[in-house]
Amino acid sequence: MRTGSMSFSLVLVPRYRIHSLANHWDESLHNLNRNYGNNSGIRLLDSRIYGLQGGHGKKWTRRPVTTKREGSNKTSRSPKSRSIEHETLSETILTSATENVNKTELGQLQEIQYSDIQKELAQNKDLTSLLTIIVFDTETTGFMRKGDRIIEIALRDLQGGENSTFQTLVNPQRYILNSHVHGITTQMVNKPDVPRMEDLIPILMKYVRSREKSGGYVLWVAHNARTFDVPFLINEFSRCSTEIPPNWLFVDTLPLAREVIKFRGTELSSTSLPALAELYKVKVDGSAHRAMVDVNKLAMILPKLTFDLKLTISDLFERSFKPDLINFRRKKNTD
DNA sequence: TGCCAGGCCCTCTTTAGGGCCTT
């Protein structure tokens, strides 16, 4: 098991129950400021504390590939299969027969099923008791979904509390040619103590499960998530024959930044993460383009962004998407 | 020979083109 480069943080405040978006942001921001203001509030823990020995111990169930067809980036998951997943979350059963469902029907069912989830949660007055909001970021070997690989992943549970962050390098088992961007070199990741994605995924899933509420959903938030982080995540899970849990939903903050620029005008020079950080006067110590640094930036930007746009948790949730609804279409769509 | 990222948004407009955003 390659776990040596993984780390968790212990934020020195107790966990608390989220009552509202404002409370949620305020508390999270407070924790983040407290811990990053003096850069001393986070202690890195030995990964063994979290019990990371299970990767080869068969503690986790690998699920069949359902996110990608062989030789294609298009999703192979059908709504029929998803309905099964909703019923038996831990035992996904897929058959080749699901491949034959009419495409139009599939699209309609996808929309219906997902909107049902959104409706259910959006109408739930105690939405915050069901949602875990995780800000995340990935560093990769490049921009190409097909060929490039994730080499670092970091995430922060905005609920705070013990072990609210997760960060690790990932061994892509290849040379890294864009070290000038993030400072992560081939030598740093191609080591026995750096987990490969197949080692990491079960650990990551167990970590997220430890953060999520019973019967709840996990809202993953990233900047440009829809066309960058999430497709990379989908491909990595697919390569490892593991399915992204059906209760994971994703929010892209890039469209939110575009909305802000409409009424803020030239106050926001662009919709990039650095521009947002500048607008909201967010400063985080650390190397730019390292995953946890960008996670902490976005974690501090998010409450300001939602405040500007007057978004509630329900609003944020309604803007979320499921990974299997991402269009893996070619440029100049040939569908 | 064809591929080389791709979804979204804006503009000189949508039967299109180019820039932005992510590494």
Side-chain angles (χ1 to χ4, degrees), chain A residues 67-68 71-75 107 135-155 167-186 188-190 197 220-236 238-239 250-280 282 284 286-299 301-302 305 309 319-335:
Chain A
T67 55
K68 183 183 175 185
S72 165
N73 272 339
K74 289 189 174 183
T75 176
V135 174
F136 78 108
D137 186 50
T138 58
E139 302 301 322
T140 70
T141 56
F143 289 124
M144 287 185 290
R145 299 171 175 183
K146 285 182 180 177
D148 285 312
R149 306 291 299 273
I150 291 175
I151 53 175
E152 186 179 39
I153 185 165
L155 47 106
Q167 176 184 21
T168 183
L169 291 172
V170 183
N171 184 347
Q173 298 175 286
R174 64 174 57 185
Y175 288 104
I176 296 174
L177 302 177
N178 61 343
S179 299
H180 61 285
V181 174
H182 38 57
I184 301 171
T185 64
T186 303
M188 288 167 66
V189 297
N190 283 317
M197 190 54 77
W220 293 73
V221 182
H223 200 58
N224 204 16
R226 183 179 288 275
T227 58
F228 189 78
D229 297 279
V230 175
F232 269 94
L233 210 55
I234 290 171
N235 285 340
E236 293 287 9
S238 178
R239 285 189 194 100
F250 296 87
V251 170
D252 189 347
T253 52
L254 182 57
L256 303 185
R258 290 190 183 117
E259 290 181 39
V260 168
I261 210 169
K262 284 179 183 174
F263 70 87
R264 285 270 198 159
T266 54
E267 277 187 272
L268 184 57
S269 58
S270 81
T271 53
S272 69
L273 194 60
L276 287 168
E278 186 179 350
L279 173 70
Y280 293 124
V282 167
V284 175
S287 304
H289 276 302
R290 285 301 295 267
M292 188 49 84
V293 172
D294 285 347
V295 162
N296 288 327
K297 277 185 189 171
L298 186 57
I301 287 169
L302 186 59
L305 203 55
L309 296 172
R319 291 164 185 256
S320 68
F321 58 92
K322 291 201 76 174
D324 49 355
L325 292 184
I326 288 182
N327 292 323
F328 278 122
R329 291 179 300 190
R330 302 194 63 78
K331 215 171 185 177
K332 307 300 178 192
N333 181 19
T334 56
D335 284 354

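Residue numbers begin at 1 in each chain, while the letters A, B, ... track the order of the sequences. Values below: all heavy atoms of this structure, side chains included; hydrogens, waters and symmetry mates excluded.
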Q: In whole angstrom, give the distance that lies between atom CG of D252(A) and atom P of dC20(B).
A: 18 Å
Q: Could you tell me the separation between the CD1 atom of I184(A) and the CD1 atom of I151(A), rounded to the nearest 0.5 Å?
A: 4.0 Å
Q. Where the side chain of T271(A) is concerned, which of dC20(B), dT22(B), dG6(B) is the nearest nucleotide?
A. dC20(B)
(Q) Among residues at least two apart in sequence or on other chains, which ones pass salt bridge (Lys or Arg N to Asp or Glu O under 4.0 Å) with E139(A)? (A) none
Q. Separation of R290(A) atom CZ from dT22(B) atom C1', in whole Å?
A. 17 Å
Q | For R264(A), salt bridge (Lys or Arg N to Asp or Glu O under 4.0 Å) partners two or more places apart | A | E267(A), D308(A)
Q: Ignoring the backbone of D294(A), work out which of dG6(B), dC8(B), dT23(B) is nearest its side chain.
A: dT23(B)
Q | Nearest-angstrom distance, P atom, dG19(B) to dT13(B) | A | 16 Å
**Q.** Rounded distance in Å - NZ (K262(A)) to C1' (dC9(B))
**A.** 8 Å
Q. Separation of F321(A) atom CZ from dG7(B) atom P, in whole Å?
A. 12 Å
Q. Of the nucleotides dT23(B), dT22(B), dC21(B), which one has an atom closest to the side chain of E139(A)?
A. dT23(B)
Q) dT22(B) P sits how many Å from I150(A) CD1, rounded? A) 16 Å
Q) Which nucleotide in the list dT23(B), dC4(B), dC21(B) gets nearest to the side chain of M144(A)? A) dC4(B)
**Q.** Sugar-phosphate, base or nothing in reach of L273(A), heavy atoms under 4.0 Å
**A.** sugar-phosphate
Q | Exam field: side chain H182(A) to backbone T140(A), donor-acceptor pair closer than 3.5 Å | A | yes
Q: Report the nucleotide, chosen from dC10(B), dC8(B), dG6(B), that has the shortest atom-to-atom distance to any side-chain atom of R258(A).
A: dC8(B)
Q. Is the ring of F228(A) stacked on the base of dC21(B), with centres less than 5.5 Å apart and planes under 30° off?
A. no
Q.
On the side chain of D229(A), is there an atom forming a donor-acceptor pair with the base of dT22(B) - under 3.5 Å, no angle test?
A. no
Q. How far, in whole Å, is dT1(B) from dG6(B) if one measures between their P atoms?
A. 23 Å
Q. Mind checking the P distance from dC21(B) to dC3(B)? Whole angstroms is fine.
A. 28 Å
Q) What is the distance, rounded to the nearest whole Å, between atom CZ of R226(A) and atom P of dT22(B)? A) 16 Å
Q: Whole angstrom is fine here: how far is it from CD in E236(A) over to P in dT22(B)?
A: 20 Å
Q. When all nucleic acid strands are considered with a 4.0 Å heavy-atom cut-off, which category describes T141(A): base, sugar-phosphate, or nothing?
A. nothing
Q) Expressed as a whole number of Å, how far does the P atom of dC12(B) sit from that of dG18(B)? A) 14 Å
Q: Check for a donor-acceptor pair, side chain of D137(A) on one end and backbone N or O of E152(A) on the other, with a separation under 3.5 Å.
A: no
Q.
Between P on dA5(B) and CG on L233(A), what's the gap in Å once rounded to a whole number?
A. 21 Å
Q: With DNA chain B as reference, determine whether S269(A) or P255(A) sits nearer its 5' end, using the nearest nucleotide of each.
A: P255(A)
Q.
Using OP1 and OP2 only, check whether a side-chain N or O of S270(A) sits under 4.0 Å from dC21(B).
A. yes
Q. Looking only at side chains, do T227(A) and N224(A) share a donor and an acceptor under 3.5 Å apart?
A. yes
